[in-house]
Number of protein chains: 2
Amino acid sequence: MVRTKAVAKKCCNTDEKLSLPDVAWAEDLAKLAWALAHPARVRIVRLLLSRTSCICGEIVEEMTLAQSTVSQHLKILKEAGLVQGEIDGPRVCYCIHEQTMAKLKKLVAGL
Amino acid sequence: MVRTKAVAKKCCNTDEKLSLPDVAWAEDLAKLAWALAHPARVRIVRLLLSRTSCICGEIVEEMTLAQSTVSQHLKILKEAGLVQGEIDGPRVCYCIHEQTMAKLKKLVAGL
DNA sequence: ATTGTCTATCGTCGATCAACGATATGCGTC
DNA sequence: GACGCATATCGTTGATCGACGATAGACAAT
């Protein structure tokens, strides 16, 4: 539709080079984005943020998923560093790792 | 280590309820996060952002991936709405879909 | 119309995800 | 020490990803 003929216009200008250092940058962001790349995990994060403090197997009740599945998602979030688990007797309290959250926001904002 | 005994303290307070409407919210963010959940895609997005305008098969050269693989990643980014492709004669110029980028930033910032 | 170029799609393969039930582990209580 | 509860891990299954080469499709030029 928007056919442009002859002139190459502004398209595909090679005046800028991709800086290789942001390969690491890309991996950092990808890792964090990956943690949020599932609705269940986003909901867990939001749930944790909505409460002032941590939470435990209550997450399981809020979700419509099996306990083992939720635990798996929590593990992924933990590995990404977005979430922290603190053992409190027989149960485990999770909370957001503020620093990593800040990093995520910074990375996205800096896109 | 950080053993806390008797008192349940602030942990697992049930005073707040998860609002169901943010199920949709979660899916929106998850979809966008998913698009960025791969280093190659992050790099593509950053590449597109670094240039004032769109780009074409140059992306393939910047990446160390096969053309078909890059095309696949571009398709994913397009489906997420993060990227737009405009046919320019024999080639295709890609550019960031600013609106979706803004939405992503807003969603993440609003976490 | 044929050719060459650029991009998208197809088909395949190995790896990983997401989900679950079943089981193991850790901890407090009796 | 045995039991009960909360959580993590294991093992399985089906679905999807990520990568590639090969091929098809669109377009400009000859």
*asked:* Regarding A:R91 and A:E86, does a basic nitrogen lie under 4.0 Å from an acidic carboxylate oxygen?
replied: no

*Between the two ends of the helix from C:dA1-D:dT30 to C:dC30-D:dG1, what is the bend in degrees, rounded to 10 degrees, where each end axis spans five pairs?*
10°

_Base-contact (B) and sugar-phosphate-only (S) positions in nucleotides 18-24 of chain C, heavy-atom cut-off under 4.0 Å, - elsewhere_ = SBBBB--

*Are any of B:Y94's side-chain N or O atoms less than 4.0 Å away from OP1 or OP2 of C:dC6?*
no

Side-chain donor-acceptor contacts of residues 97-106 of chain B below 3.5 Å, not counting sequence neighbours, with atom names and distances?
residue, atom, partner, partner atom, Å
B:T100, OG1, B:G81, O, 2.8
B:K103, NZ, B:D28, OD2, 3.2

*Quickly work out the A:E58 CD to D:dT7 P distance and round it to whole Å.*
10 Å

_salt bridge (charged side-chain N to carboxylate O under 4.0 Å, His left out): pairs with one or both residues in residues 68-82 of chain A, sequence neighbours excluded_ = none

*Under the side-chain hydrogen bond (donor to acceptor under 3.5 Å, both in side chains) test, residues paired with A:H73 that sit two or more places apart*: A:R41

*Check each of B:R46, B:R43, B:R51 against B:E62 using the salt bridge (charged side-chain N to carboxylate O under 4.0 Å, His left out) test, and report the only one that passes.*
B:R51

*asked:* Walk me through whether A:L36 and A:L82 qualify under side-chain contact (heavy atoms from CB on, under 4.5 Å).
replied: CA-CA 9 Å; A:L36 291 180; A:L82 274 175; 4.2 Å; yes

*Could you state the CG-P distance from A:D88 to D:dC5, rounded to the nearest angstrom?*
18 Å

*Take atom CZ of B:R91 and atom P of D:dA28, then tell me their distance rounded to the nearest Å.*
11 Å

*side-chain contact (heavy atoms from CB on, under 4.5 Å) involving A:Q67 - partner list, sequence neighbours excluded*: A:V60, A:S71

*Send over the distance from B:I87 CD1 to C:dT5 C1', rounded to a whole Å.*
15 Å

_Between C1' on C:dT7 and CE on B:M63, what's the gap in Å once rounded to a whole number?_
16 Å

